[in-house]
Amino acid sequence: MSDNSRVFIGTAFLAGVILTVGFKDLLYPELEQRIREYQAERRSRTRSQDSAESLTARPGPPQIFLNGAGQSSKDRVALSMIEIAEERGILTPHSGDTIYEGTSGSTGISLATLARAKGYLAHICMPSDQAIEKSNLLLKLGAIVDRVPPAPIVEKDNFVNRARALAHAHTAASSAATSESESSVADIQVPNQGRGFFADQFENEANWRAHYNGTGPELYAQCNGTMDAFIAGAGTGGTISGVALFLKPRIPNLSVVLADPQGSGLFNRVRYGVMFDVKEREGTRRRRQVDTIVEGIGINRVTANFEVGKELVDDAVRVTDAQALAMARWLVEKDGIFVGSSSAVNCFAAVKTALKLGPGHRIVTVLSDSGSRHLSRFWAKAGDVGGAVDTKLGDVLNAKDNQ
């Protein structure tokens, strides 16, 4: 029997068991334990097999990996953070545990989707200046959403700090309720409120490990082990660090390039070793976060996830808002590819890198999410592409801000 047949039969068996349990309303609790044991064994077997296969490029067509939960590259990060928390006993399904996170959108959407699928609640804190469709989608996914005014990370009202504080308060309240229940009379019941888990995507090592164990091997296999440059933006820094850590030892001459929007300090951190951007001069900033219309990437501090791979980043490309908007329109016009703002930044930097390296080189980047999550802000400014247009690449590269 082939490996594919075994996987198909095993999956069909598991689906049948789950369906049976659903119809029986869990009348047979021992089945639940058997399912968990089967899932754990299968995950372990799959990880071992994938790890072995990822060390060599696969022959034939590339294996394509889709992000089917939250429909962005943050799906793998969210799943990694949840699974590692489960393995460490921090999260327990169907116990009332709630996942808290501070996010500009995509990680929160992935967490909210996976949380519901795995038996948790989600409470998402995000800056109020992010596209409204992100928070609308989170609400439809059953998450609690706090849209908070943008604030620096050093302030307690920052969206990340708020998520952390809420998670701690949740756990403390649950612990206090449990202690009160244990010390009270037997006929008083205190509901199990579960615990609060702060996912902490900026500092949680499960972030970069998701890309080291997943995205990096996928790219290596899809490109048959041959690429000349990898380009990615950095918000948390998990993507660029995780992929670089996997690829650099296997492709020593690979150039890892940071794609950084205006207002972010990482460009200068990579180029000059100093975290500073000219738009951060006193009196010049229009908002208290990174001064750009781009969402999801760009930051003015070095996170733990970026720190772990920053020495492997060889260069950086600065991308202005005007250039990101022009690239997004170009991708629709020329290829029918409708991407979000961070993906447009990645593609602009990839083109700049390709022109720098010249013909015959393979340049790789990541399209993080769809433009449908950026309609009210980024794409509202980008405008409609229109009918018969023929934008020149030079116009994209030389795009200037109209303000």
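A salt bridge between Glu205 and Arg88 is present, with a side-chain N of the basic residue lying under 4.0 Å from a carboxylate O of the acidic one.
Checking Arg271 against Asn268 by side-chain atom types alone, no donor-acceptor pair falls below 3.5 Å. In this structure, a donor-acceptor pair under 3.5 Å is present between the side chains of His211 and Thr239. Judged by distance alone, the side chains of Thr226 and Asn224 never bring a donor and an acceptor atom under 3.5 Å apart. A donor atom on one side chain and an acceptor atom on the other are found under 3.5 Å apart for Thr92 and Arg195. Residues Asp395 and Thr391 have side chains that never bring a donor and an acceptor to within less than 3.5 angstrom of each other.
Put simply, the side chain of Asn204 gets close to the backbone of Ala199: a donor and an acceptor are under 3.5 Å apart. Distance alone, capped at 3.5 Å, is enough to place a donor-acceptor pair between the His361 side chain and the Gly358 backbone. Thr171 places a side-chain N or O within 3.5 Å of a backbone atom of Ala167 that can act as its donor or acceptor partner. Judged by distance alone, with hydrogens and angles left aside, the side-chain atoms of Ser376 form no donor-acceptor pair with the main-chain N or O of Ala131 at under 3.5 Å. With hydrogens and angles disregarded, a donor-acceptor distance shorter than 3.5 Å links the side chain of Asp75 to the backbone of Gly70. Counting only distance, with no hydrogens or angles, the side chain of Arg269 and the backbone of Val302 share no donor-acceptor pair below 3.5 Å. A donor-acceptor pair under 3.5 Å is absent between the side-chain atoms of Ser241 and the main chain of Gly238, judged by distance alone. Looking only at distances, a side-chain donor or acceptor of Glu101 sits under 3.5 Å from a matching main-chain atom of Asp200. Although no hydrogens or angles enter the test, the distance criterion places a donor-acceptor pair under 3.5 Å between the side chain of Thr353 and the main chain of Ala349. A donor-acceptor pair is defined here as one N or O able to donate and one able to accept, closer than 3.5 Å; such a pair exists between the side chain of Asn158 and the backbone of Ala151.
Put simply, the side chain of Leu331 reaches to within 4.5 Å of the side chain of Val339, judged on heavy atoms. Trp379 is listed as a side-chain neighbour of Val332, based on a closest heavy-atom distance under 4.5 Å. Proximity of Asp157 to Val148: side-chain heavy atoms (C-beta onward) are nowhere separated by under 4.5 Å. Contact annotation: the side chain of Pro261 never approaches that of Val319 to less than 4.5 Å [non-hydrogen atoms, C-beta and beyond]. Side-chain atoms of Ser368 and Asn346, non-hydrogen and from C-beta on, do get closer than 4.5 Å to each other. With a 4.5 Å cut-off on side-chain heavy atoms, Leu111 and Thr103 do not count as touching. Proximity of Asp129 to Pro149: side-chain heavy atoms (C-beta onward) are nowhere separated by under 4.5 Å. Residues Asp401 and Thr320 fail the side-chain proximity criterion, which asks for heavy atoms closer than 4.5 Å.
Other residues, nucleotides and ligands place no more than 12 heavy atoms under 6.0 Å from the NZ atom of Lys352. Atom NZ of Lys334 has more than 12 neighbouring heavy atoms from other residues, nucleotides or ligands inside a 6.0 Å radius. The 12-atom threshold is exceeded at CG of Asp335, counting heavy atoms of other residues, nucleotides or ligands nearer than 6.0 Å.
Separation of atoms OG (Ser343) and CZ (Phe348) is listed at 15.0 Å; rounding is to 0.5 Å. To the nearest 0.5 Å, the span separating CZ on Phe197 from CG on Asp97 amounts to 10.0 Å.
For Tyr212 and Phe246, the distance between ring centers is under 6.0 angstrom. Residues Tyr100 and His170 place their aromatic rings such that the two centres sit under 6.0 Å apart.
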query: Could you go step by step and tell me if Asp260 and Val317 meet the side-chain contact (heavy atoms from CB on, under 4.5 Å) rule?
result: CA-CA 6 Å; Asp260 209 34; Val317 174; over 6 Å; no
message: Run the side-chain contact (heavy atoms from CB on, under 4.5 Å) test on Thr236 and Glu203 for me, step by step, so that the C-alpha distance in whole Å, both residues' side-chain angles and the decisive distance to 0.1 Å come before the verdict.
response: CA-CA 8 Å; Thr236 65; Glu203 312 300 328; over 6 Å; no
message: Let's go through Arg329 and Asp384 carefully: what are the C-alpha distance in whole Å and the side-chain angles of both, what is the deciding distance for salt bridge (charged side-chain N to carboxylate O under 4.0 Å, His left out) to 0.1 Å, and is it a yes or a no?
response: CA-CA 8 Å; Arg329 292 172 56 89; Asp384 298 333; over 6 Å; no
field: Derivation and outcome, side-chain contact (heavy atoms from CB on, under 4.5 Å), residues Thr98 and Tyr120
entry: CA-CA 6 Å; Thr98 299; Tyr120 306 105; over 6 Å; no
- prompt: Would Leu166 and Cys125 count as a side-chain contact (heavy atoms from CB on, under 4.5 Å) if you check the C-alpha gap in whole Å, the side-chain angles of each, and the deciding distance to 0.1 Å?
  reply: CA-CA 10 Å; Leu166 287 171; Cys125 300; 3.9 Å; yes
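Taking Leu137 as the reference, Ile109, Leu141, Arg373 meet the side chain to side chain contact (heavy atoms under 4.5 Å, CB included) condition, with sequence neighbours excluded. When the side chain to side chain contact (heavy atoms under 4.5 Å, CB included) test is applied to Asn305, the partners found at least two apart in sequence or on another chain are Asn207, Trp208, Thr303.
Using bins of under 30°, 30° to 60° and over 60° for the plane-to-plane angle, the ring pair Phe202/Phe159 lands in the perpendicular bin.
Legend: salt bridge (Lys or Arg N to Asp or Glu O under 4.0 Å) pairs involving residues 132-150, not counting sequence neighbours, sorted by first then second residue: Lys134-Glu295, Asp146-Arg162.
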